[in-house]
Amino acid sequence: MGVVERKAIFTKDTHVPQALLPPIAAPDARLLVLGSLPGDRSLAAQRYYAHPQNQFWQLMSPVVGRDLAVLDYDDRLDALREARVALWDVIGSARRAGSTDAAIVDIEGNDLPALLATLPHLRAIAFNGGTALKQGMKLLGRDVAGPEIVALPSSSPLHTVGIAAKHPAWSALATFLLDPPAERA
């Protein structure tokens, strides 16, 4: 994949830029999961979904067929790549006080079309929560050709629907990773 420019976000409290996270993607990815913008804990750790109450790793475990929550971070990313899952955020820079999506302002999007151009086998783009979906569709335009668009309930602990209610939508992502009958042998 080509070089991706890392932008900064500024919190209203400090106005200190923090480096955002690069995409996790291999050219054979079939599924791209897009969040909105990393929370404070993820930015501080420079790791996707670092907040211990975020349910992302639990929700993705049945999708990739491995318990991601018990793995260390690098092994989690390796497991996603091995399962042909790519990961990034739709927002490249913004201002936000705290970690809630409702507080995000002055949004600049990541270059999603450039990333998509590097993923020729992509079957679906899944948006983790309403903000990711809204901002992502603005970046991609209304007439997205190719990959299926999937709206997911947010994995954030601020989205108070229980994890059991989120599982069906997230678990359905596994179908995009399966080999078609002609590829199985």
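Excluded from the calculations below are hydrogen atoms, water molecules and symmetry mates; all remaining heavy atoms, backbone and side chain alike, are included. Because the structure is predicted, anything quoted here is derived from the model rather than measured. Position 1 is the first residue of the sequence; numbering continues from there.
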*asked:* Pair Arg84, Val64 - check side-chain contact (heavy atoms from CB on, under 4.5 Å), show working.
replied: CA-CA 9 Å; Arg84 295 175 282 201; Val64 301; over 6 Å; no
*Say you draw a straight line from OG1 of Thr118 to CG of Leu116; how long is it, rounded to the nearest 0.5 Å?*
7.5 Å
_Nearest atoms (heavy-atom pairs only) where Ala79 meets Leu68_ = CB-CD2, 3.5 Å
*Quick one: does Val63's side chain get under 4.5 Å of Phe176's, heavy atoms only?*
no
*Looking only at atom types and distance, does a side-chain atom of Ser155 sit under 3.5 Å from a main-chain N or O of Asn54, one as donor and one as acceptor?*
no
*Can you check whether Leu43's main-chain N or O pairs, donor with acceptor, with Gln46's side chain at less than 3.5 Å?*
yes
*asked:* Contact between Phe127 and Leu152 at the side-chain level, heavy atoms closer than 4.5 Å - yes or no?
replied: no
_Heavy-atom pair of closest approach, residues Ala132 and Ser36_ = CB-N, 3.7 Å
*side-chain contact (heavy atoms from CB on, under 4.5 Å) between Asn110 and Leu115: does it pass, once the steps are laid out?*
CA-CA 9 Å; Asn110 276 322; Leu115 177 63; over 6 Å; no
*Minimal non-hydrogen separation, Leu122 against Pro147, with atom names*: CD2-CG, 3.9 Å
*Dump the intermediate steps for side-chain contact (heavy atoms from CB on, under 4.5 Å) on Asp74 and Asp72, then the final yes or no.*
CA-CA 6 Å; Asp74 290 334; Asp72 69 31; 4.0 Å; yes
*Donor-acceptor contact below 3.5 Å, side chain Arg47 vs main chain Ser42*: no
*Nearest-0.5 Å distance, CE of residue Met60 to CG of residue Leu31*: 5.5 Å
*Which residue pairs pass the ring pair (Phe, Tyr, Trp, His ring centres under 6.0 Å) test when at least one of the two sits in residues 42-71, sequence neighbours left out?*
Tyr49-Phe56, Phe56-Trp170
*Applying salt bridge (Lys or Arg N to Asp or Glu O under 4.0 Å), name anything that partners Asp78, two or more places apart in sequence or on another chain.*
Arg81
*For the residue pair Leu139 and Val90, what are the closest heavy atoms and their distance?*
CD1-O, 3.4 Å
_Spacing of Asn128 atom CG and Leu34 atom CG [to the nearest 0.5 Å]_ = 9.5 Å
*Heavy-atom donor-acceptor pair, Arg76 side chain to Ala69 backbone, under 3.5 Å*: yes
*In Å, rounded to the nearest 0.5 Å, how long is the span from CG of Leu177 to OG1 of Thr175?*
7.5 Å
*asked:* Glu108 vs Ile91, test: side-chain contact (heavy atoms from CB on, under 4.5 Å). Steps then yes/no.
replied: CA-CA 6 Å; Glu108 282 188 41; Ile91 298 173; over 6 Å; no
*Contact check, side chains of Arg66 and Ser61, non-hydrogen atoms, under 4.5 Å*: no
*State whether the side chain of Lys166 and the backbone N or O of Leu59 hold a donor-acceptor pair below 3.5 Å, judged by distance alone.*
no
*Starting at CG of Leu20, measure out to CG of Leu37 and round the result to the nearest 0.5 Å.*
6.0 Å
*Euclidean distance, Arg30 CZ relative to His121 NE2, rounded to 0.5 Å*: 8.5 Å
*Is there a side-chain contact between Trp88 and Leu112 (heavy atoms, below 4.5 Å)?*
yes
*asked:* Checking Asp106 now: which residues fulfil side-chain hydrogen bond (donor to acceptor under 3.5 Å, both in side chains) with it, not counting sequence neighbours?
replied: Arg95
